[in-house]
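In what follows, every heavy atom counts, from backbone to side chain, and hydrogens, waters and symmetry copies are set aside.
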Amino acid sequence: MTITTAPPASPQTGNPPKHGQAKRRKRSPGEGRMAAMLLSPTIVVLALVIMYPLLSAVHQSLFRAESGLDADGFVSEVDQFVGLANYVDMFVGESGKKFLNAFANTTFFTVTTVFLETVLGLCLALAMNSAFRGRAFLRASILVPWAVPTAVSGLLWRWIFQSDGIANTLLGTEILWTAEGNASKLAVIIAEVWKTAPFIGLLVLAGMQVIPGEVYEAAKIDGAGWWRQLISITLPMVKPTLLVAILFRMLDALRMFDLPFMLIGSGKDSVETLSMLAWDESNQLRYGSAAAFSVMLFLYVAVVAIVFVKVLGADVTGAKELKLLSKKNRAGASRSKLSQTPVNPELKTTEDKKTEASS
């Protein structure tokens, strides 16, 4: 009879190394330098394209052009350091009225257009995902509004909303769509939703394409109808894609400039956004206040993005998927290690011992 003993325990002290620590020990000395070299072009481009303009805008917002006398006694415009005076003026006086009006218009356009685009985009995605004759033509036609440049789209809708345009002809009225008032806001909303709803529809359609068909077949067997499948299967499974699409559209709508500028024009209080206000200030050579408005818009966009990601959990960078994949890989590695671990002879059953003794 052969007696087998367990292998002696290794004389290790302390807790076993964790997974991340084992990876760090395996890292070669030049791996960090190689990673820095590979990332350096991207970091340089981001610094030139994003950081430098942002820091320049912050610096410019601390100055204000004021008239003064030079050494020869002539009147000249000089940049005077005023600190946070440009930011304080946003909430007082005539400048404060313009800023609050532009802030309200920007928020109103963002909320209304993104909501309508989400509903319409989801309907378009459901239609494009259905099997019917002419589905390819529908998918191709939906791309047309999104492919049209925004400036061209604004001119197109300006022609439609003229006093003698197609809109008034069909409605039988004489609404001044491109003047001051609520009609101009409605015109901007219609044009914006027409152009950008296909963007959400295409992203949601991409999320629907990865849903296995077996899930819907099992739901049909269980007696779930179309509405139940939409609520319990489609929407939960396309939620990550839908949240990312809504976030991108919100960030784009907060910076809305070209469509209302081309459709309605500048200097209209009913449609003036923060981007249009900053452009108007710079056009009047008030670069300090224009930079301050731009910085406030940047902070507004940043706060909305952070809150949207943290509260609603929009996975923009794919970090959640990477964590889930890492967990699955670690679990698979642990199972493979357990399957390869030799069985302790002391834990063998009586039948195993009898078999070994007879052999």
- prompt: Do L251 and I50 share a hydrophobic cluster (ILVMFWY, side-chain heavy atoms under 4.5 Å, transitive)?
  reply: no
task: Taking the side chain as every heavy atom from C-beta outward, state whether E281 and F293 have any atom pair closer than 4.5 Å.
output: yes
message: Check for me, please, whether V301 and L46 land in the same ILVMFWY cluster - side-chain distances under 4.5 Å, paths through other members count.
response: no
message: What I'd like to find out is whether the side chain of S275 reaches to under 4.5 Å of the side chain of L297, using heavy atoms alone.
response: yes
- request: Decide side-chain contact (heavy atoms from CB on, under 4.5 Å) for F103 and M90; before the verdict, give the C-alpha distance in whole Å, the side-chain angles of both, and the deciding distance to 0.1 Å.
  value: CA-CA 11 Å; F103 183 85; M90 293 183 186; over 6 Å; no
message: Nearest 0.5 angstrom please: F109 CZ to E192 CD, how far?
response: 9.5 Å
statement: Nearest heavy-atom contact between A102 and L277 is CB-CD2, 3.9 Å
field: Partners meeting ring pair (Phe, Tyr, Trp, His ring centres under 6.0 Å) with F261 (sequence neighbours left out)
entry: F257, W279
query: Can you tell me how far CD1 of I175 sits from OG of S184, rounded to the nearest 0.5 angstrom?
result: 11.5 Å
message: With rounding to the nearest 0.5 angstrom, report the CE to CG distance, M128 to L205.
response: 4.5 Å
message: Show every side chain to side chain donor-acceptor pair (under 3.5 Å) that has at least one partner inside residues 155-183, sequence neighbours left out.
response: N168-W177, E180-S270
query: Under 3.5 Å, side chain of N86 to main-chain N/O of F63, donor-acceptor pair present?
result: yes
query: L62 versus V82: any side-chain heavy-atom pair under 4.5 Å?
result: no
message: Please give me the minimum heavy-atom distance between P53 and V49, naming the atom from each residue.
response: CG-O, 3.2 Å
- prompt: Is there a side-chain contact between L116 and L120 (heavy atoms, below 4.5 Å)?
  reply: no
- line: Minimal heavy-atom distance between L263 and G154, with the atoms involved, is CD1-O, 3.8 Å
- request: Identify whether the distance between the nearest side-chain nitrogen and carboxylate oxygen of D222 and R228 falls below 4.0 Å.
  value: no
task: Spell out, yes or no, whether M250 and L299 are grouped together once hydrophobic residues are joined by side-chain heavy atoms under 4.5 Å, including indirect joins.
output: yes
field: Partner residues of F199 under the ring pair (Phe, Tyr, Trp, His ring centres under 6.0 Å) criterion, sequence neighbours left out
entry: W146
task: Look up atom CG in L203 and atom CD1 in I246, then write down how far apart they are to the nearest 0.5 Å.
output: 10.5 Å
field: Residue pair L124, V204: steps toward the side-chain contact (heavy atoms from CB on, under 4.5 Å) verdict
entry: CA-CA 9 Å; L124 292 175; V204 175; over 6 Å; no
- prompt: Looking at side-chain heavy atoms only, is the closest gap between K195 and L259 below 4.5 Å?
  reply: no
- prompt: Hey, quick one: are L155 and V188 part of the same hydrophobic cluster, counting side-chain heavy atoms closer than 4.5 Å, chains of contacts allowed?
  reply: no
- prompt: Got a sec, which pairs hit side chain to side chain donor-acceptor pair (under 3.5 Å) with one end in residues 97-126, sequence neighbours left out?
  reply: T107-Y300, E117-T196, E117-R249
- line: OG of S266 to CD1 of I264, rounded to nearest 0.5 Å, is 11.5 Å
message: Between Q229 (side chain only) and T234 (backbone N and O only), is there a donor and an acceptor less than 3.5 Å apart?
response: no
message: Would you say that F248 contacts I200 through its side chain, given a criterion of any heavy-atom pair below 4.5 Å between the two side chains?
response: no
field: Single-linkage hydrophobic cluster, 4.5 Å side-chain cutoff, I166 and M262 together
entry: no
field: Residue pair G201 / A125: nearest heavy atoms and the distance that separates them
entry: O-CB, 3.5 Å
message: If you count every heavy atom of other residues, nucleotides or ligands that lies below 6.0 Å from F91 atom CZ, does the total exceed 12?
response: yes
task: Please list all pairs passing the side chain to side chain donor-acceptor pair (under 3.5 Å) test where one or both residues lie in residues 39-56, with sequence neighbours left out.
output: none
query: Quick one: does D89's side chain get under 4.5 Å of R64's, heavy atoms only?
result: yes
- prompt: Pairs in or reaching into residues 200-234: which pass ring pair (Phe, Tyr, Trp, His ring centres under 6.0 Å), with residues at least two apart or in two chains?
  reply: none
query: About how many Å separate OG1 of T241 and CD of Q209, when rounded to the nearest 0.5 Å?
result: 11.5 Å
task: Answer yes or no: is there a side-chain heavy-atom contact under 4.5 Å between F161 and I190?
output: yes
field: F298 atom CZ: more than 12 heavy-atom contacts under 6.0 Å
entry: no
